[in-house]
Amino acid sequence: MNYDFLKIEKKWQDFWATHKTFKADNQSDQPKYYVLDMFPYPSGAGLHVGHPLGYIASDIIARFKRHSGFNVLHPQGYDSFGLPAEQYAIQTGQHPSKTTTTNINRYRQQLDRMGFSFDWDREVRTSEPNYYRWTQWIFLKLFDSYYDIQADKAVPVSELILRFEKEGNTNVKAHSDKDTPVFEAQEWKAFDHDQQQKILLNYRLTYLSETQVNWCPSLGTVLANDEIVNGVSERGGHAVTKKKMRQWSMRIGAYANRLLLGLDALDWSDALKEMQRNWIGKSLGASIYFEVENHPEKLEVFTTRPDTIFGVTYMTLAPEHELVKKITSPEQQKVVADYTARVAQKSDRERQADVKSISGVFTGAYALHPFTGASLPIWIGEYVLAGYGTGAVMAVPSGDQRDFDFATHFDLPIVNIFHGVDVSEAAFSEKGNVKLTHSDFLNGLDHKQAIDRVIVELETKNCGKGAVNFRLRDAIFSRQRYWGEPIPIYFKGETPMPLQEHHLPLELPEVEKYLPTEDGNPPLGNAKIWAWDEAGQEVVSVDRINHKTVFPLELNTMPGWAGSSWYFNRYIDAHNEKQWVGPKALDYWKDVDFYIGGSEHATGHLLYSRFWQKVLFDLGYASTAEYAKKLVNQGMILGNSAFVYRKKGTQTFLSKGLIGENQVEPIHVDVGLVNTQDELDLEAVKNWQKDFQHAEFVLENGKYIVGREVEKMSKSKYNVVNPDEICDTYGADTLRMYEMFLGPIEQDKPWNTAGISGVHNFLKKFWRLFYQQDQWMVNEAPASAESLKVLHQTIKKIVDDIERLSFNTCVSTFMICINELTALKCSNKEVLEPLLVLLSPFAPHFCEELWQQLGHTDSIEFEPLPTFDLGKVEETTKEYPVSFNGKMRFTIKLSLDMGVEEIKEAVMKEQKTQDQIDGATPKKIIVVPGKIINIVI
RNA sequence: GCCUCGGUGGCGGAACUGGUAGACGCGCUGGAUUCAAAAUCCAGUUCUUUCGAGAGUGUGGGUUCGAUUCCCACCCGAGGUACCA
């Protein structure tokens with residue numbers, strides 16, 4: 001019997017599906033283990049060999065843990081709301097749900113072929129009402145909560161209202177909008193409903209506000225900071241500008257510190273934790289309030305260098321700063337207006353592009369130095385960002401290079417406050433031991449001492465305080481798109497009103513057009529039935545809005561990250577109709593034990609989901625404050641692009657070796673047209689694209705050899721390798737093992753189909769220990785000592801390596817094992833049976849089949865892992881290398897249980913007989929038990 | 001610029017806490033088998049070499065009896081981030 005992988009793999013995939021082998025129970029006496037993959041967005045392109053890398057690794061863990069006696073939860077689903085489906089809908093008019101379903105079916109087919117042990121009964125799709133109902137429910141929970149700074153957690157708004165009724169808001173310490181008014185209990189009670197709601201909105205964890213947003217005209221939507229890369233949209237690379245819009249936001253800023261502190265306890269890669277830390281961007285410093293001459297307003301700045309306060313010679317505001325309009329002197333009105341208008345027109349990209357050119361304008365107003373009372377001109381400068389700190393800086397040209405450059409450019413004064421430092425050429429921004437000068441009460445103090453002192457002084461004078469600032473901004477939550485979760489809110493005038501829990505799901509309405517409306521409303525503005533009848537408690541026709549109980553519903557939808565911020569919880573109890581997750585199921589599964597996915601989600605999904613988890617934890621719904629204590633980032637599998645070389649301006653293509661001095665342009669050709677020797681199939685390439693039909697190929701040694709380059713796998717580079725094709729030619733088990741064999745899981749590595757034969761041969765070799773020319777080889781005779789030693793060494797190594805996620809060395813270990821057993825002609829059941837169990841996480845179909853051939857009737861999946869016997873692995877004696885001054889001279893066979901002194905004695909004896917060193921006396925002998933003996937002469 | 005990770009044969013990579021560097025696989029070379037091929041098996045494969053040996057893990061230093069591994073400086077690559085005050 002041959003190794004017929006196609007037949008075997010089909011057989012076992014069907015078996016697992018019909019027997020629901022991987023269905024996990026929410027109740028068990030076994031310990032639980034939750035293995036999670038980042039769920040895919042089902043794109044139209046299908047999977048390439050890079051996609052399953054993480055799924056293979058997590059599947060190995062899941063299967064390994066089942067063998068180790070765990071009740072394993074290993075679910076999978078689809079993040080199925082998103083932009084590509086909607087853009088396809090705009091082009092074709094096809095409903096996105098239709099294309100989404102098609103794509104999901106294709107994904108499922110491809111996933112099934114690879115033999116993953118997913119519990120598909122728990123599948124979630126974020127675009128299904130029975131799922132997004134709970135996404136909306138979480139939105140309502142956020143709407144109904146505020147962040148209490150004293151309790152350091154989210155608390156229901158009902159408690160906030162009780163406090164307002166009792167004592168107003170003067171003593172309430174909570175994260176809230178800056179412009180929240182101060183009121184007493186009496187005043188609160190006197191407010192009407194709308195006024196009260198408006199104030200409460202300033203506290204809610206999700207709130208409406210007029211904010212500067214990143215507006216992408218091409219996509220017709222706002223974008224969150226993490227959706228913008230290098231000043232253009234992450235998707236499509238379109239320009240992004242600033243715009244003021246009334247938008248829903250999430251008060252993630254309230255959690256900045258906890259999100260930062262929580263990282264320490266997580267078993268995530270340092271790189272990823274560092275990315276989140278930088279993104280959160282905590283800095284320590286001070287807030288300082290400057291009086292403005294002849295104006296009641298105060299100018300607040302944040303600085304990390306309050307110690308340089310006496311070096312301040314002017315102030316700079318961001319062009320968007322709200323005080324700009326108020327304080328600009330009449331003479332300066334025009335230049336200031338021109339300047340701010342010019343800056344507003346620039347896109348983020350343009351603004352980032354000319355970071356080096358200095359621009360700015362004087363407002364005509366002056367601020368007063370809090371200690372010296374000196375007049376400080378207030379300027380506007382592009383280099384000050386509206387979004388960071390207060391959007392205003394105190395400029396210290398001697399201590400900050402940007403301030404220095406600005407001052408030099410506009411001829412503003414520079415005061416040197418650093419003793420013995422020359423600041424004529426550049427600012428001194430080090431925080432070393434240099435003492436301050438020209439700094440009044442700070443004279444003679446160093447950086448650290450001065451900061452402490454000046455904060456005390458600021459606080460006594462009531463013009464500043466020590467402060468912490470975070471770079472992390474609140475996350476804009478509204479998207480002007482169709483294919484996303486509707487926000488469960490309707491409007492009574494200006495006041496947003498939440499739907500009640502029992503009204504959910506608020507289902508996405510049908511629309512005729514998926515584009516925004518002509519008056520700029522989001523696509524939901526096209527829906528005919530999209531108003532809320534308060535009396536009937538139902539969604540009704542928009543025509544009825546003038547009726548007194550019928551109100552418009554929110555037209556924006558939620559962003560892509562909403563559904564993915566909690567899906568891992570839903571898997572735990574995916575069919576619960578009454579709750580987001582049932583407490584009993586949650587209590588059993590709790591959190592994710594092993595999470596795997598790409599590091600590109602560091603500042604998006606992985607931050608937002610931690611935020612939501614903490615909110616849900618504070619409110620008593622989630623079981624832990626961090627849902628994934630262990631996270632692994634799989635690397636990318638890169639494509640091995642193939643190039644042909646066209647002689648400039650001709651249709652002549654030169655084989656790689658013939659390029660020489662010729663001017664050529666490299667052109668991508670499909671990697672499927674090239675064999676493992678880099679030889680191009682000329683007939684196939686002519687049929688592949690019209691451009692090549694009349695091409696002339698110049699060959700070397702009768703062949704056209706292509707050039708190779710490693711790049712990201714992508715359709716446009718024609719370097720995509722389809723896993724289905726690999727499964728057809730080599731089988732899923734080979735593909736699984738080969739992907740693991742390519743290199744460390746966390747590392748990027750190039751795909752090379754040529755290398756796969758090594759892994760495939762391994763499986764064939766292993767098969768031959770069972771069958772040779774149709775003859776069943778397995779015998780029940782006791783195995784030889786050598787065979788048992790090979791077995792036990794293998795078990796030990798594999799178990800160790802899986803634990804440290806070194807899957808590539810696991811594959812090598814299996815290969816060595818089978819090579820040795822083949823050499824020993826070992827076909828003993830005693831050896832092969834445990835090996836099958838050990839190998840089955842890697843090559844599950846292969847092992848199930850042979851397991852059955854060995855006479856078992858149940859799946860190998862729950863077979864306990866074989867244990868190793870150290871006595872069989874270790875020998876009682878061992879060859880020790882003996883080196884002299886680190887150089888190896890001879891080996892000596894010693895008993896393992898010898899003590900260090902005994903070993904030394906034996907070595908000395910041996911050394912004398914060998915007469916290796918010419919009469920020298922050893923200074924010392926170093927013995928590392930089990931490893932090496934070194935003699936120092 | 002700053003932060004993080006990495007740099008080992010022709011290639012992917014191994015060497016886990018300092019202990020015989022290059023496991024395993026690809027590729028390549030030679031051989032067996034075959035009419036031939038495929039498949040399979042065996043041997044060799046870091047470089048240099050006067051065949052004694054010598055050099056060798058990005059470069060230069062250091063610690064150590066001993067360094068791919070630890071320390072310092074630098075070079076290169078990847079990812080993140082950036083007028084962040």
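Worth knowing before you read on, the calculation uses all heavy atoms, side chains too, and leaves out hydrogens, waters and symmetry mates. The chains referred to below are lettered A, B, ... by the order of the sequence lines, with proteins before strands, and numbering in each begins at 1. Quick caveat: nothing in here was measured; it's all calculated off a predicted structure.
- Test Leu376(A), Thr308(A), Leu299(A) against Met394(A) for side-chain contact (heavy atoms from CB on, under 4.5 Å) and you get one pass: Thr308(A).
- Closest to the Lys764(A) side chain, of the nucleotides U4(B), A85(B), A39(B), is A39(B).
- Contact annotation: Asn761(A) reaches the phosphate of U40(B) (side-chain N/O to OP1 or OP2, under 4.0 Å).
- When all heavy atoms of Phe741(A) and Ser812(A) are compared, the closest pair comes out as CE1-OG, 3.5 Å.
- Dashed line: the shortest gap from a side-chain N or O of Arg471(A) to OP1 or OP2 of A85(B) is not under 4.0 Å.
- Residue Lys797(A) is tested with Ile795(A), Asp801(A), Asp800(A), Val799(A) for a side-chain contact (heavy atoms from CB on, under 4.5 Å); the sole match is Asp801(A).
- Between Asp403(A) and Ala823(A), the residue anchored nearer the 5' end of RNA chain B, judged by the nucleotide with its closest heavy atom, is Ala823(A).
- The existence of a salt bridge linking Asp748(A) and Lys712(A) is excluded, since no basic side-chain nitrogen approaches an acidic carboxylate oxygen closer than 4.0 Å.
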Pair up each side-chain donor or acceptor in residues 314-321 of chain A with any protein partner under 3.5 Å, not counting sequence neighbours, and list the distances.
unit_1: Tyr314(A); atom_1: OH; unit_2: Asp403(A); atom_2: O; d: 3.0
unit_1: Thr316(A); atom_1: OG1; unit_2: Tyr383(A); atom_2: OH; d: 3.3
unit_1: Glu320(A); atom_1: OE2; unit_2: Arg351(A); atom_2: NH1; d: 2.9
unit_1: His321(A); atom_1: ND1; unit_2: Leu323(A); atom_2: N; d: 3.1
unit_1: His321(A); atom_1: NE2; unit_2: Thr390(A); atom_2: O; d: 3.4

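- Nucleic acid contact for Ser757(A): sugar-phosphate only, since backbone atoms but no base atoms lie under 4.0 Å from a heavy atom of the residue.
- Protein atom CD of Gln634(A) is 16 Å distant from nucleotide atom P of G79(B), rounded to whole Å.
- Using bins of under 30°, 30° to 60° and over 60° for the plane-to-plane angle, the ring pair Phe814(A)/Phe762(A) lands in the tilted bin.
- Nucleotide A14(B) holds its P atom 14 Å from the CG atom of Leu805(A), rounded to whole Å.
- Under 4.0 angstrom from either OP1 or OP2 of C24(B) there lies no side-chain N or O belonging to Asn808(A).
- If you take atom P in U33(B) and the same atom in U46(B), they sit 28 Å apart, rounded to whole Å.
- Taking the C1' atoms as reference points, G22(B) lies 8 Å from A14(B), given to the whole Å.
- In G52(B) the base sits syn relative to the sugar, since the glycosidic angle is no further than 90° from 0.
- No contact: Arg277(A) has no heavy atom under 4.0 Å from any strand.
- G9(B) shows a glycosidic angle within 90° of 0 and is accordingly assigned syn.
- Closest to the side chain of Met275(A), from the set C26(B), U81(B), G79(B), is G79(B).
- Set against A14(B), C84(B), G80(B), the side chain of Thr809(A) has A14(B) as its closest nucleotide.
- Atom CZ of Phe470(A) is separated from atom P of A85(B) by 13 Å (rounded to the nearest Å).
- Atom NZ in Lys712(A) sits about 20 Å away from atom P in G77(B), given to the nearest Å.
- Taking the side chain of Asp400(A) as heavy atoms from C-beta on, and the options C5(B), G25(B), A85(B), the nearest nucleotide is A85(B).
- Nucleotides G66(B) and G56(B), compared at atom P, are 15 Å apart to the nearest Å.
- Spacing between atom CZ of Phe814(A) and atom C1' of A23(B) amounts to 16 Å, rounded to whole angstrom units.
- By the 30° and 60° cut-offs, the orientation of the rings of His760(A) relative to Phe5(A) is perpendicular.
- Computed from coordinates, the Lys825(A) NZ to U40(B) C1' distance equals 13 Å when rounded to whole Å.
- Side chain to side chain, Asn719(A) and Ser641(A) meet the donor-acceptor criterion of an N or O pair below 3.5 Å.
- Listed nucleotides: A85(B), U40(B), C24(B). Nearest to the side chain of Phe741(A): C24(B).
- Contacts of Lys282(A) with the nucleic acid, taken as non-hydrogen atoms under 4.0 Å apart, are absent.
- At a threshold of 4.0 angstrom between heavy atoms, the contacts of Val384(A) include nucleobase atoms, whether or not backbone atoms are also involved.
- Straight-line distance from the CG atom of Leu742(A) to the C1' atom of G12(B): 7 Å, rounded to whole Å.
- Separating the C1' atom of A32(B) from that of G19(B) is a span of 40 Å, rounded to the nearest Å.
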Dot-bracket for RNA chain B, please, read 5' to 3', with Watson-Crick or G-U wobble pairs under 3.5 Å on both distances, ( ) within the strand, [ ] crossing, | other strand, . unpaired.
(((((((..(((......[....)))((((((.......))))))(((....)))..(((((..]....))))))))))))....
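- Remark: the separation of the P atoms in C83(B) and G18(B) is 42 Å, to the nearest Å.
- Residues Leu266(A) and Leu263(A) are in side-chain contact: their nearest non-hydrogen atoms beyond the backbone lie under 4.5 Å apart.
- When the nucleotides C83(B), G13(B), C41(B) are ranked by their closest atom to the side chain of Leu385(A), C83(B) comes out on top.
- Here the side chain of Asn819(A) is nearest to one of A82(B), A15(B), G25(B), namely G25(B).
- Shown are Tyr771(A), Phe846(A), Tyr3(A), Phe842(A); of these, the ring-ring contact (aromatic ring centres under 6.0 Å, His included) with Phe766(A) is made only by Phe846(A).
- For Gln747(A), a side-chain nitrogen or oxygen approaches OP1 or OP2 of G13(B) to under 4.0 Å.
- Distance from the side chain of Ser812(A) is smallest to A23(B) among C16(B), A23(B), G13(B).
- Checking G13(B), U81(B), A15(B) against every side-chain atom of Pro744(A), the shortest atom distance belongs to G13(B).
- In this structure, Arg402(A) does not reach the A82(B) phosphate: none of its side-chain N or O atoms is under 4.0 Å from OP1 or OP2.
- Contact check, Arg768(A) against C41(B): a side-chain N or O comes under 4.0 Å of OP1 or OP2.
- Residues Ile818(A) and Arg768(A) have side chains not in contact (no heavy-atom distance under 4.5 Å, counting atoms from C-beta outward).
- Atom NE2 of His760(A) and atom P of C26(B) are 13 Å apart (whole Å).
- Nucleotides of RNA chain B nearest to Ala271(A) and Ala754(A) differ in position, and the one nearer the 5' end is that of Ala271(A).
- Taking atom P on both U45(B) and G25(B), the two are 14 Å apart, rounded to the nearest angstrom.
- On the P atoms, U63(B) is 15 Å away from C71(B), given to the nearest whole Å.
- Taking atom C1' on both G10(B) and G44(B), the two are 16 Å apart, rounded to the nearest angstrom.
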